[in-house]
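Working notes for the structure below.
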Number of protein chains: 2
Amino acid sequence: MSKNVATSPHASNGENSVKEACVRKAMEVIAEKGLEGLSLRAVARALGISHQAPYKHFPSRDHLLAEVTRRCLIDFAQALRTSGANDEGDALPPQQAMRKLGETYIRYALENPLAYRLMFSTPWPEAALELDLSRDARAAFDILVERISRLKPDTEGTTLRADALFIWTAIHGIAGAIESNAMQYLDFDAGEIEQALGHAMTLIDSAVFGAQQSETER
Amino acid sequence: MSKNVATSPHASNGENSVKEACVRKAMEVIAEKGLEGLSLRAVARALGISHQAPYKHFPSRDHLLAEVTRRCLIDFAQALRTSGANDEGDALPPQQAMRKLGETYIRYALENPLAYRLMFSTPWPEAALELDLSRDARAAFDILVERISRLKPDTEGTTLRADALFIWTAIHGIAGAIESNAMQYLDFDAGEIEQALGHAMTLIDSAVFGAQQSETER
DNA sequence: CTATTTGGTAGACGGCGTCAACTTGAAGTT
DNA sequence: AACTTCAAGTTGACGCCGTCTACCAAATAG
């Protein structure tokens, strides 16, 4: 029976191993050729290793995919976390901070469509259960909850979470529409798109944070 | 040069052909084994024809997928269309009609997750360009616009479409969250889910249709 | 020094999408 | 009636893919 948890029996120094390289290369491949274009064999080929080598680190393609998803979730949470306190600390007016968070959210979706699709727009691979993907998703969600609670300090926890879920899903919806070119095929021209996006953000804002009417959008 | 548009040279009477059977079987397969579980060969096998027969009707797997998507869009539009005037005509109060449309929307997403994912949660196959998928998507969207315009008769067209897009995307987001079990892994229990969904619908409602405050949800 | 474990290799199997070549039979032309 | 055409169906092959099995080497544990 083995007592040590992990040893490094072969090449591959203790830090950045073939496993890391696989994950990174997988992200590249997904970025280039799309989610269904990812294949373990292609990753192995690009890394100059045999087509079976990745299997020593990931039991299946789905496990690799799940690991990539996990990285995306962590990265996404980090983006949200650093969105509020950017330059001079946390001094921005509350509504602006919220608006900024929303923009961060959408910008992230725009700049990382692959990550976005992996996290929120595709059924997680079953391997997600073995890794603890939901834990990382919760971490991102909790950032949102915490931000809202600062803007509505006197709100009950359940309502807070319901508000957060609304924002979470509403922005997912918007991001999904952007990613899938929905606005184009629904015949929105460029100006209309921008206007409609602003309108949507304003509606979300006012739905959750109430009264101040929104003539800023025009 | 052939003058007739279509003849029926082989078996297959003029109405329901192998093509139809392929589409239907494809929908079954997707329902059972998921989107990526669909293969032309499996469809052909289930239909008792050779693995190449479907290629006489669909240039590629993606074209079959696009055709399935088209059916889903048409069916979805029909569901929306029949949502308002169900029993006694169109006599329901406006807000209730809107609420009902929203529920139809979400119920549809719940009962046809495959259709839903095809239409709104996966990048359309490239074959979508050759068929006119966007036309059918627009038809569904226009139903929503038309419904809203009845509730806000004095609204400008652009704003109307922006409102509709907000509802469209917001509900897509909610449906996506339901479909991917987001609420479960975000630690919402059954009661909280129901409450949060109602909350979200109320927020959408009040964001678009304004004033009447929402104590109906508690 | 030997045994075990870990990370790597090569090969095979079946399933997939798709290209190519061949067959067949219904329709249109003369 | 004979001939041509051509859509619809067939079998076969090719090159990918995920994954199973078997083998191999080196580092560590005892």
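Every chain is numbered from 1 and lettered A, B, ... according to where its sequence line falls, protein lines coming before strand lines. Reckoned from all heavy atoms, side chains included, excluding hydrogens, waters and symmetry mates.
Looking at A:E67 and A:R71, a side-chain N of the basic residue comes within less than 4.0 Å of a carboxylate O on the acidic one, giving a salt bridge. By the 4.0 Å N-to-carboxylate-O rule, A:K100 lies too far from A:E103 to be salt-bridged with it.
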Next on the checklist: Let's go through A:S60 and A:H63 carefully: what are the C-alpha distance in whole Å and the side-chain angles of both, what is the deciding distance for side chain to side chain donor-acceptor pair (under 3.5 Å) to 0.1 Å, and is it a yes or a no?
Outcome noted: CA-CA 5 Å; A:S60 82; A:H63 285 76; 3.0 Å; yes
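Regarding B:L47, its CG atom lies at a distance of 16 Å from the P atom of D:dA8, rounded to whole Å. Between A:E36 atom CD and D:dG18 atom C1' there is a gap of 16 Å when expressed in whole angstrom units. A:E126 has its CD atom 17 Å from the P atom of D:dG18, to the nearest Å.
Among the nucleotides C:dC16, C:dG17, D:dA13, the one closest to any side-chain atom of B:A42 is C:dC16. Taking only side-chain atoms of A:R45, from C-beta outward, the nucleotide of D:dC16, C:dG15, D:dG9 with the closest atom is D:dC16. Between D:dT10, C:dC16, C:dA12, one nucleotide has an atom nearer to the side chain of A:H51 than all others, and that is C:dA12. The nucleotide whose nearest atom lies closest to any side-chain atom of B:L40 is, among C:dG17, D:dC17, D:dG12, C:dG17. Comparing C:dG8, D:dT10, D:dG18 by their nearest atom to the side chain of B:A53 picks out D:dT10.
Across residues 54-70 of chain B, B:K56, B:H57 each have a non-hydrogen atom less than 4.0 Å from an atom of DNA chain D (numbered order).
In this model, the phosphate group of D:dC17 is not approached by any side-chain N or O of B:R41 to a distance below 4.0 Å at OP1 or OP2.
For the side chain to side chain contact (heavy atoms under 4.5 Å, CB included) test with B:D136, the passing option among B:T69, B:L73, B:D75 is B:L73; the others fail. Tested against B:F166 for a side chain to side chain contact (heavy atoms under 4.5 Å, CB included), the candidates B:I148, B:I204, B:I171 yield a single pass: B:I204.
Here the side chains of A:W168 and B:L186 are in contact, with some heavy-atom distance below 4.5 Å.
Contacts of B:S50 with the nucleic acid, taken as non-hydrogen atoms under 4.0 Å apart, include base atoms.
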